[in-house]
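Just so we're on the same page: letters track the sequence lines, and every chain starts at 1.
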Protein chains: 2
Amino acid sequence: MTLRRRIHRFRLDLQSGVPVYRQIIDQVRGGIASGALEIGDQLPTVRQLAVDLSINPNTVVRAYRELELGGLLETHQGTGTFISAQKPKSGGAERERQLTQIVGDCVSRAGAAGFTVENLIEQLRELIAERHQRR
Amino acid sequence: MTLRRRIHRFRLDLQSGVPVYRQIIDQVRGGIASGALEIGDQLPTVRQLAVDLSINPNTVVRAYRELELGGLLETHQGTGTFISAQKPKSGGAERERQLTQIVGDCVSRAGAAGFTVENLIEQLRELIAERHQRR
DNA sequence: CTCAATGTACTAGTATACTAGTACATTGTC
DNA sequence: GACAATGTACTAGTATACTAGTACATTGAG
């Protein structure tokens, strides 16, 4: 099997106060969202990434596990960790709650910065517009 | 001075794991963003809110202080805590960048959970609708 | 079967986040 | 000035988040 080792370039920002495992999670998510990581791509091995970032393997494990629980990764013991085919798992009420949470956080942050809900909607609209232009 | 005591109805969600002080912060921010709280409105006093929520006054203080540092509140010792006149501190391009950042994060999270930008907009719309109903 | 490479499980130390207890300072009214 | 109402400061206990240490299990190639 020819592995596509299009491995993401991870980098940590100590000083930021953001937990290491969370930075890894965010970078994988970002990689997927941006298309830098595609379904089937293999991530660095637990040990390899631990060495690269000079952290403990278990910290990598924690990040990978959380991503797997979210359905973004598949781990196969002895083989490696891969970007999985995406399946929106939780359904119904739980899913609704999740969306409410995300939007709530966003509104909260925006409100603190002096933005209104209308500002948010407008910004999202622009995203859609850009998306259409790019096609 | 006739105080407009249009006091936000706070409610805590223990079980959620979200720190109490953060829940307070989010609810104030949300109240401002949604228009439920307006400039000059007085918030519950530190002691009053502590009693209402059955928490320690210092927990309320922590929330209020963080909000004040963010410029959303003004506290006057002996008088009370009020929604401050909002000063969009960073201006122009920086401000635009800030909004882009917030929305970007939100979209990223939503995307990882399988939601679309349209889902977000719809959810925000519902927030506005709720606001109008309550008046 | 053997072995190297991979992920996994269990434990534990340390920092810090969160909340609470208690006493103090400031303001405005009378 | 007295007093009631408000915010403030300092301390400390407890939970838990985060990371690390160490040993084990699974996989696939040869």
Side-chain angles (χ1 to χ4, degrees), chain A residues 1-5 7-8 10 12-28 40-84, chain B residues 1-5 7 10-28 40-84:
Chain A
M1 175 178 180
T2 311
L3 292 177
R4 289 189 303 163
R5 274 257 193 180
I7 287 177
H8 211 61
F10 288 90
L12 293 184
D13 180 8
L14 314 176
Q15 316 319 73
S16 72
V18 179
V20 174
Y21 84 98
R22 180 147 293 282
Q23 293 187 42
I24 295 173
I25 290 175
D26 289 342
Q27 288 176 41
V28 172
D41 284 354
Q42 182 178 18
L43 289 174
T45 68
V46 168
R47 281 173 180 72
Q48 185 60 52
L49 187 53
V51 170
D52 288 351
L53 301 179
S54 302
I55 59 179
N56 190 286
N58 269 332
T59 303
V60 179
V61 167
R62 172 161 185 183
Y64 281 7
R65 179 170 303 148
E66 192 159 317
L67 286 164
E68 185 181 21
L69 288 177
L72 271 67
L73 298 185
E74 285 179 18
T75 61
H76 301 288
Q77 182 155 279
T79 307
T81 304
F82 306 84
I83 307 294
S84 94
Chain B
M1 175 181 180
T2 311
L3 293 178
R4 287 189 302 162
R5 274 258 192 180
I7 287 180
F10 288 91
R11 62 191 239 305
L12 293 184
D13 179 8
L14 314 177
Q15 318 315 76
S16 72
V18 179
V20 174
Y21 84 98
R22 180 147 294 281
Q23 293 188 41
I24 295 173
I25 289 175
D26 288 343
Q27 287 177 41
V28 172
D41 283 354
Q42 182 178 18
L43 290 174
T45 69
V46 168
R47 280 170 180 72
Q48 185 60 52
L49 187 53
V51 170
D52 287 351
L53 301 180
S54 302
I55 59 179
N56 190 285
N58 269 333
T59 302
V60 179
V61 167
R62 172 161 185 180
Y64 281 8
R65 179 171 303 149
E66 191 160 317
L67 287 164
E68 186 181 20
L69 288 177
L72 270 69
L73 299 184
E74 285 178 18
T75 61
H76 301 288
Q77 181 153 279
T79 306
T81 303
F82 306 84
I83 307 293
S84 93

Exercise. Under 4.5 Å between any side-chain heavy atoms of A/Phe10 and A/Asp52, yes or no?
Worked result: no
For this session: Nearest whole angstrom, please: distance from the P of D/dG7 to the CG of B/Leu49.
Result: 10 Å
For this session: Could you tell me the separation between the CD atom of A/Gln48 and the CG atom of A/Leu53, rounded to the nearest 0.5 Å?
Result: 9.5 Å
Problem set entry | Nearest-Å distance for atom pair CD/P, residues A/Glu68 and C/dG7 | 11 Å
Seminar exercise, completed: In numerical order, the residues of residues 17-26 of chain B whose heavy atoms come under 4.0 Å of DNA chain D are none
Exercise. Just checking A/Arg47: base, sugar-phosphate only, or nothing, at a heavy-atom cut-off of under 4.0 Å?
Worked result: base
Seminar exercise, completed: note: B/Gln42, atom CD; C/dT27, atom C1'; distance rounded to Å ~ 13 Å
Problem set entry | Non-hydrogen side-chain atoms of A/Ile83 and A/Leu72 separated by less than 4.5 Å | no
Exercise. Of all residues at least two apart in sequence or in a different chain, which pass the side-chain contact (heavy atoms from CB on, under 4.5 Å) check with A/Val46?
Worked result: A/Pro57, A/Val60, A/Val61, A/Tyr64
Exercise. Does A/Ile55 reach the side chain of A/Leu12, with side-chain heavy atoms less than 4.5 Å apart?
Worked result: yes
Problem set entry | Main-chain N/O of A/Gly71 paired with A/Ser84 side-chain donor or acceptor, under 3.5 Å | yes
For this session: May I ask you to evaluate whether B/Thr81 reaches the phosphate of D/dG7, defined as a side-chain N or O under 4.0 Å from OP1 or OP2?
Result: yes
Exercise. What nucleotide, of D/dA20, C/dG7, D/dT8, holds the atom closest to the side chain of A/Asn56?
Worked result: D/dA20
Problem set entry | Side-chain heavy-atom pair A/Thr81, A/Leu67 within 4.5 angstrom cut-off | no
Exercise. What is the distance, rounded to the nearest whole Å, between atom CG of A/Leu69 and atom C1' of C/dT8?
Worked result: 14 Å
Problem set entry | Whole angstrom value for the distance that separates C1' of D/dT19 from CG of A/Leu53 | 14 Å
Exercise. Can you find a side chain N or O atom of B/Thr75 that sits less than 4.0 Å from OP1 or OP2 on D/dT8?
Worked result: yes
Exercise. What is the pairing partner of C/dT22, taking Watson-Crick or G-U wobble pairs with both distances under 3.5 Å in any strand?
Worked result: D/dA9
Problem set entry | Separation of C/dT6 C1' from A/Leu73 CG (nearest whole Å) | 15 Å
Exercise. Does a side-chain N or O from B/Arg65 land closer than 4.0 Å to OP1 or OP2 of D/dA9, or not?
Worked result: yes
Problem set entry | A/Gln77 side-chain proximity, nearest of C/dT27, C/dG7, D/dG7 | C/dG7
Problem set entry | Length of the line joining B/Ile55:CD1 and C/dA17:P, which is rounded to integer Å | 19 Å
Exercise. Which comes earlier along DNA chain D counting from the 5' end, the contact point of A/Arg62 or that of A/His76, where each point is its nearest nucleotide?
Worked result: A/Arg62
Problem set entry | Spacing of A/Glu74 atom CD relative to C/dT8 atom P, expressed in whole Å | 12 Å
For this session: Name the pairing partner of D/dT27, where a pair is Watson-Crick or G-U wobble with both distances under 3.5 Å, or state none.
Result: C/dA4
